[in-house]
**Q** 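The structure is given below, and queries will be raised subsequently.
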Amino acid sequence: MIDLSARYNPQETEDKWLKVWKASNVFHAAANVKKKPFTIVIPPPNITGILHMGHALNNILQDILIRYKRMKGFETLWMPGTDHAGIATQNVIEKELAKEGKKRQDLGREEFLKRLWAWRQEYGDTIIHQLEKLGSSCDWSRTRFTMDENYSQAVKEVFVRLYEKGLIYRGERIINWCPRCQTALSDEEAEHQEKNGKLYHIRYPFKNNPKEGVIVATTRPETMLGDTAVAVNPKDSRYIKLIGRILVLPLVGREIKIIADDFVSAEFGTGAVKVTPAHDPNDFVIGQRHKLEMINIMHPDGRLNEQAGKFNGLDRFEGRKRVIAALDMEGYLVKTEDHKHAVGHCYRCDTMVEPYLSKQWFVKMSPLAKPALKAVKNGTIKIYPEHWQKVYTNWMEDIRDWCISRQIWWGHRIPVWYCVGDEACQLKCKEPIVSKTTPEQCPHCGSKNLRQDEDVLDTWFSSWLWPFVTLGWPKDNADLKYFYPTHTLLTASEIIFFWVARMIMAGYEFMGQPPFSEVFIHGTVRDSRGRKMSKSLGNAIDPLEIIDQYGADALRFSLIINSGQDIFISKEKFEIGRNFANKIWNAARLIFTNCGPALEAGDYETLDVKALDLPSRWIISRFYETLDKTSKAIETFRYSEAENLVQDFFWGSFCDWYLEFIKGKFTDIHVQKTALFILKNSLKLLHPFVPFVTEEIYSKMNTKDSCLSVVSWPSLPWPVSQDRQKSLIDTDAFEQMQTVIDVIWAIRNIRTQWNVKPQDSVDVVLVPVNRQQEQLLEKNQGDIQRLGKVKTLTIDSKVQTVKDAASVVVNALKVFIPLGVLVDLAAEKKRMSQEVARKQKTMEGLQTRLNNPVFVDKAPRDVISKEKDRLSALGKDVKELQTVLANLS
RNA sequence: GGGCAAGUAGCUCAGCUUGGUUAGAGCAUUUGAUUUACAUUCAAAAGGUCGAAGGUUCAAGUCCUUCCUUGCCCACCA
């Protein structure tokens, strides 16, 4: 006899199964030609990460899919791992150092990196353990890291290949510079935020007429210190005659020319633009067109430099204030206006980014984008929900080169060396040496005095290789052949450009194949007020706390069933999953305590369909119906719908109706077998959603399976054979059962209406409309009696009316409950009249429609006949109701 | 400035692809129930002019147009 506690205890169960899964290595995947592969690569969380709801959502979705596919018989690989997250991780360590009053430069590169690796050793897998607690069925034996040895090899390989193809180049450009992190960022890493700023109008005087001048407008007045021209539109009549004249830059005294450039729009501001080629991307381009001098006025840390004259050494924001004050004092500041504009911010530290001139490495993107764009456009790679396709293609079509060098230490060092050489050969050796291995000597002059590029690569320059490097690339091995291309990628919208798009490009470039065939973009987890969950807002719900309090299954189930486009969640919502897990537990408890003989015999795999009663045939049909719909929902990423389906089936049909029907009939071995059959198959169906509680119950079901995680998904009967289809999916059973349920519902309804005490029984008279219905009711008489708390149940088709009874008509079937004094006849009359009136109104509408010749002429036949059926059914009901009403006295 | 998405019950969402029953579910609410698998439970009730206005159609929550509101993404008008 199996004894279960009255409440499901998640903690115990989860610990147990995490150990079992690990010990038996059930999630390990290996190339297996007998099976089809199904591969997912995890979006690798940062090693600095601690599990938040976003991770939880992402990984639960992946786990549902991978568990489903595993049960469907695929050789499933879910590849786990972490990302070194260059800037983010370096920032963490730098903060630690700061507490000791040190900077990374105090330690030196080597020591600093040692410290980083030590940190990685100690804390880098925290997130991995947290992902395990969710129940994630990754192949943990394969856990990868973006700075593993082979990963470094791959990154170098990629760099060298792209360089040799001419797709990587070094150049001096205006890039996004974070003065706090002191590194270049890519365009994607600079997040634009709308800010209320000022637009300053400044007069630049003519050299030969200092009283007059040209007024320019700027949002960053301090950059005027680096101005080398003023530009106007060549067609702007106000300025045409001024082109070529010389101005004197206020505060600085530099003479600058008025130039004409099409970029300038006459409409904005004053129509004249100050040109600062070293501090603005547009000005840089103008500067190149007009061969202007580029004057850098800023230190890498954001302080103004010696080029700023008396402002030298001031922080950029302080410098701005002082420049404005000085301009104002000397009479050059004409006016100041409020101005809204978008300013870039560092995505890692939120510092305002500075457009900054520096020498960086870039990847030329448009050749890489071509096949990646095509793949999505022609459906080779599908992106769901579909509207994200457009976001992807828009970005791809307008792709810009990717700045990949970072002036930090944590990351893949750029595999480029420069010859420091001897004096004589300096000219020849300007070409950088790009190599997968550390070169011994300069190929040009033979000098052994080489210096490696100080910079490291953008984190995403390694992440974009994730789907194939984790499988062993650049080595061509069996895993890579078998598991690549992977199948589904599940991720959040934030990293479509950073990661998804670039992976597709890398897949085509280095593997000649797409990295995956479908991408599902899921929503963002928000709090109940719609705000993004974040530590700084203090609205974050810690998934680990939820696991402690409600269990991992509860976290999983609740999060997913609440998922729409975005997910709005508050703590109470997790009760949904906890309650459901407990419901499953208790259903099992009931079945185990009552189905001992069949359970011990282990004999409930197949059922003798002919021996089954209506509720059994019905629940089996409901199961297969649910199975079909749920499978389809999972495969089309409708996860919350899938959970609704299984919950509705298990709770709403199996527990609320079936188990209630069979109470008291457990002596029947067929009933025992059916209950066990449905329970067992339900556990399979539920397993991807709530793996722990289902494993635990399944383990008590006397099967030979080592664990539920690896058993087969229940199969649909209908492709097997027509016979089985007929017997298992019984559409008649749906209809018949509905009638029985309706009768019980009607009885319960009347009981509540007339305040019959729950402990009191009532008498009921049922008047069936035909012989079939009569038989149906007779067969299920016992159930109706028990569930409706009926003392005497009379089934008699000849009864016209019953005295002092409340009554309901369901599909022409009359239900009478003689309640004697309990019934207020007047009130009952009123209630029934209202019912008649309501039905008659619907009938009128139908009648009008059916009388409309245009409708009859144009509407499809089946619609018309359906409407006719409805009308006649209503007509019957009304007729019956009226008979009852007439006899009510 | 451009684009995308959403607006259905107090709340969170489904239904819209392919127009055709009385627009559904969960939570919350109200009423009642606890010797009986589960009060993390059960039974029942109440709650919606489907953001607004037009249009197409025999028929619109569903299709079209415009507008309003909210959220998100992109963007070098200084």
Side-chain angles (χ1 to χ4, degrees), chain A residues 4 6-8 174 192 199-200 216-220 223 231 263-265 267-276 280-285 339 341-342 344 355 385 387-388 390-391 394-395 398 493-494 496-497 524 526 528 530 532 550 554 561-570 572-573 575-594 638 640-641 644 647-648 652 655-656 659-660 663 745 748-753 755 757-759 787 789 838-839 841-842 845-846 849 852-860 862-864 866-867 869-870 873-874:
Chain A
L4 301 188
R7 283 187 188 179
Y8 169 58
I174 299 277
H192 289 269
L199 189 62
Y200 301 95
V216 297
T218 179
T219 53
R220 294 189 299 150
T223 62
F263 167 78
V264 180
S265 87
E267 286 76 40
F268 188 86
T270 61
V273 185
K274 59 189 273 311
V275 182
T276 323
D280 185 279
N282 303 311
D283 294 6
F284 177 77
V285 178
H339 181 68
H341 61 148
H387 67 260
W388 290 108
K390 228 179 193 169
V391 174
N394 285 348
W395 187 76
D398 198 23
S493 61
E494 289 102 81
I496 293 180
F497 307 141
T524 308
R526 298 172 185 284
S528 48
K532 210 166 166 174
Y550 299 95
I561 203 161
N562 275 296
S563 64
Q565 266 205 152
D566 279 345
I567 301 178
F568 299 84
I569 205 134
S570 53
E572 315 82 68
K573 293 243 171 112
E575 289 174 7
I576 298 170
R578 177 198 60 183
N579 296 356
F580 186 47
N582 190 59
K583 190 74 185 177
I584 301 169
W585 182 257
N586 271 289
R589 196 156 95 104
L590 175 73
I591 292 167
F592 288 166
T593 38
N594 290 290
R638 289 175 292 130
S640 77
E641 188 182 326
N644 266 310
Q647 189 185 36
D648 185 45
C655 294
D656 287 352
L659 294 182
E660 292 304 325
K663 275 180 185 172
W745 167 82
R748 283 174 175 173
N749 199 325
I750 290 175
R751 293 178 60 112
T752 319
Q753 202 127 43
N755 298 315
K757 291 206 181 83
Q759 58 270 29
L787 297 177
K789 274 232 156 189
R838 206 172 54 80
K839 291 198 173 181
K841 210 181 154 200
T842 314
L846 282 169
R849 193 178 299 175
N852 182 345
V854 196
F855 171 73
V856 180
D857 187 38
K858 289 198 172 169
D862 63 314
V863 171
I864 296 172
K866 235 189 230 169
E867 302 286 59
D869 289 350
R870 264 181 72 202
L874 280 167

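Chain letters run A, B, ... following the sequence lines, proteins first and then strands; every chain starts at 1. These numbers come from a predicted model, not from an experiment.
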**Q** Just compare B:A43, B:A78, B:C38 and give me whichever is closest to any side-chain atom of A:Thr219.
**A** B:A78
**Q** A:Phe855 has a side chain; which of B:A45, B:C76, B:G20 sits nearest to it?
**A** B:G20
**Q** Using modelled atom types and a 3.5 Å cut-off, is there a donor and acceptor pairing between side-chain atoms of A:Asp648 and backbone atoms of A:Asn644?
**A** no
**Q** Which atoms form the tightest heavy-atom contact between A:Phe268 and A:His339, and what is the distance?
**A** CZ-CE1, 3.8 Å
**Q** For A:Asn852, report the nucleic acid contact type (base, sugar-phosphate, nothing); a contact means any heavy atom under 4.0 Å.
**A** sugar-phosphate
**Q** Considering only atom C1', compute the distance from B:U35 to B:A44 and round it to an integer number of Å.
**A** 24 Å
**Q** Answer yes or no: does a side-chain N or O of A:Arg7 lie under 4.0 Å from OP1 or OP2 of B:U40?
**A** yes
**Q** For the P atoms, the ones on B:A52 and on B:U57, what distance do you get once it is rounded to whole angstrom?
**A** 23 Å
**Q** Please give the nucleotide sitting opposite B:A45 as a Watson-Crick or G-U wobble pair, both distances under 3.5 Å, or none.
**A** B:U29
**Q** Using Watson-Crick or G-U wobble geometry with both distances below 3.5 Å, tell me the partner of B:A5, or none.
**A** B:U70
**Q** Work out how far the C1' atom of B:U62 is from that of B:G19, and round it to whole angstrom.
**A** 6 Å
**Q** Return the value, rounded to whole Å, for the distance between atom CG of A:Leu846 and atom P of B:A59.
**A** 16 Å
**Q** Can you figure out which of B:G20, B:C4, B:A75 approaches the side chain of A:Ala342 most closely?
**A** B:A75
**Q** Give none if B:U65 has no partner; otherwise give the nucleotide forming a Watson-Crick or G-U wobble pair with it, both distances under 3.5 Å.
**A** B:A53
**Q** Is the phosphate of B:A37, meaning OP1 or OP2, less than 4.0 Å from a side-chain N or O of A:Lys663?
**A** yes
**Q** Does A:Lys583 make a side-chain N or O approach to OP1 or OP2 of B:C42 shorter than 4.0 Å?
**A** yes
**Q** What does B:C13 pair with, Watson-Crick or G-U, if both distances are under 3.5 Å?
**A** B:G24
**Q** What's the closest nucleotide to the side chain of A:Pro860 if the choices are B:C42, B:G20, B:A75?
**A** B:G20
**Q** Any sub-3.5 Å donor-acceptor pair from A:Asn582's side-chain atoms to A:Arg578's backbone N or O?
**A** no
**Q** Taking the inter-plane angle between the rings of A:Phe497 and A:Trp395 on a 0 to 90° scale, is it parallel (under 30°), tilted (30 to 60°) or perpendicular (over 60°)?
**A** parallel
**Q** Assign each of A:Phe580 and A:Ala272 to its nearest nucleotide of RNA chain B by heavy atoms, then name whichever residue's nucleotide is nearer the 5' end.
**A** A:Phe580
**Q** Could you tell me the separation between the CH2 atom of A:Trp395 and the P atom of B:A75, rounded to a whole number of Å?
**A** 10 Å
**Q** A:Glu660 CD to B:U41 P: how many Å, rounded?
**A** 14 Å
**Q** Which atom names give the shortest non-hydrogen contact between A:Thr223 and A:Thr276, and what distance separates them?
**A** O-CG2, 3.2 Å
**Q** With a cut-off of less than 4.0 Å, is there a side-chain N or O of A:Lys866 near OP1 or OP2 of B:U21?
**A** no
**Q** Nearest whole Å is fine: how far is B:A33 P from A:Lys789 NZ?
**A** 13 Å
**Q** Would you kindly give the CG-to-C1' distance between A:Leu590 and B:C38, to the nearest whole Å?
**A** 9 Å
**Q** Considering Watson-Crick and G-U wobble pairs with both distances under 3.5 Å, what does B:A75 pair with?
**A** none
**Q** With P as the reference atom in both, quote the distance from B:U31 to B:G47 in angstrom, rounded to an integer.
**A** 16 Å
**Q** Rounding to a whole Å, what distance do you find between A:Asn755:CG and B:A43:P?
**A** 19 Å
**Q** Do A:Arg849 side-chain atoms and A:Glu867 backbone N/O form a donor-acceptor pair below 3.5 Å?
**A** no
**Q** How far, in whole Å, is B:A53 from B:C73 if one measures between their P atoms?
**A** 32 Å
**Q** Expressed as a whole number of Å, how far does the P atom of B:C74 sit from that of B:C13?
**A** 23 Å
**Q** Could you tell me if the side chain of A:Leu659 sits less than 4.5 Å from the side chain of A:Ile591, heavy atoms only?
**A** yes
**Q** Output the single nucleotide from B:A78, B:C58, B:C73 whose closest atom is nearest the side chain of A:Phe497.
**A** B:C73
**Q** Is the phosphate of B:U41, meaning OP1 or OP2, less than 4.0 Å from a side-chain N or O of A:Asn579?
**A** yes
**Q** Mind checking A:Trp745 for me? I need base, sugar-phosphate or nothing, with any heavy atom below 4.0 Å counting as a touch.
**A** sugar-phosphate
**Q** Out of B:C58, B:G26, B:U12, which nucleotide sits closest to the side chain of A:Lys573?
**A** B:U12
**Q** Between the side chain of A:Asn586 and the main-chain N/O of A:Ala6, is any donor-acceptor distance below 3.5 Å?
**A** yes
**Q** B:U21 C1' sits how many Å from A:Asp869 CG, rounded?
**A** 11 Å
**Q** Choosing from B:A78, B:C76, B:C58, which nucleotide comes nearest the side chain of A:Lys858?
**A** B:C58
**Q** Under 4.0 Å, counting only non-hydrogen atoms across every strand here, what does A:Ser265 touch: a base, just sugar-phosphate, or nothing?
**A** base
**Q** Nearest 0.5 Å please: distance from the CG atom of A:Asn755 over to the CD1 atom of A:Ile750.
**A** 13.0 Å
**Q** Side chain of A:Phe263, heavy atoms from C-beta onward: which of B:U40, B:C76, B:A25 has the nearest atom to it?
**A** B:C76
**Q** Looking at every strand, decide which applies to A:Val264 at a 4.0 Å heavy-atom threshold: base, sugar-phosphate, or nothing.
**A** base
**Q** Rounding to an integer number of angstrom, what distance separates B:G3 and B:C58 when you compare their C1' atoms?
**A** 39 Å
**Q** If I take atom CG in residue A:Asp656 and atom C1' in nucleotide B:A25, what distance separates them, rounded to the nearest angstrom?
**A** 14 Å
**Q** If we take the C1' atom in both B:A9 and B:G51, what is their distance in whole Å?
**A** 15 Å
**Q** Would you indicate, yes or no, if B:G26 has its OP1 or OP2 atom less than 4.0 angstrom from a side-chain nitrogen or oxygen of A:Asn562?
**A** no
**Q** Does B:C38 have OP1 or OP2 under 4.0 Å away from a side-chain N or O of A:Arg589?
**A** yes
**Q** Quick check: on RNA chain B, is the nucleotide nearest A:Glu641 upstream (toward 5') of the one nearest A:Asp398, or the reverse? Name the residue that is more 5'.
**A** A:Glu641
**Q** Would you tell me if any nitrogen or oxygen in the side chain of A:His341 comes within less than 4.0 Å of OP1 or OP2 on B:C76?
**A** no
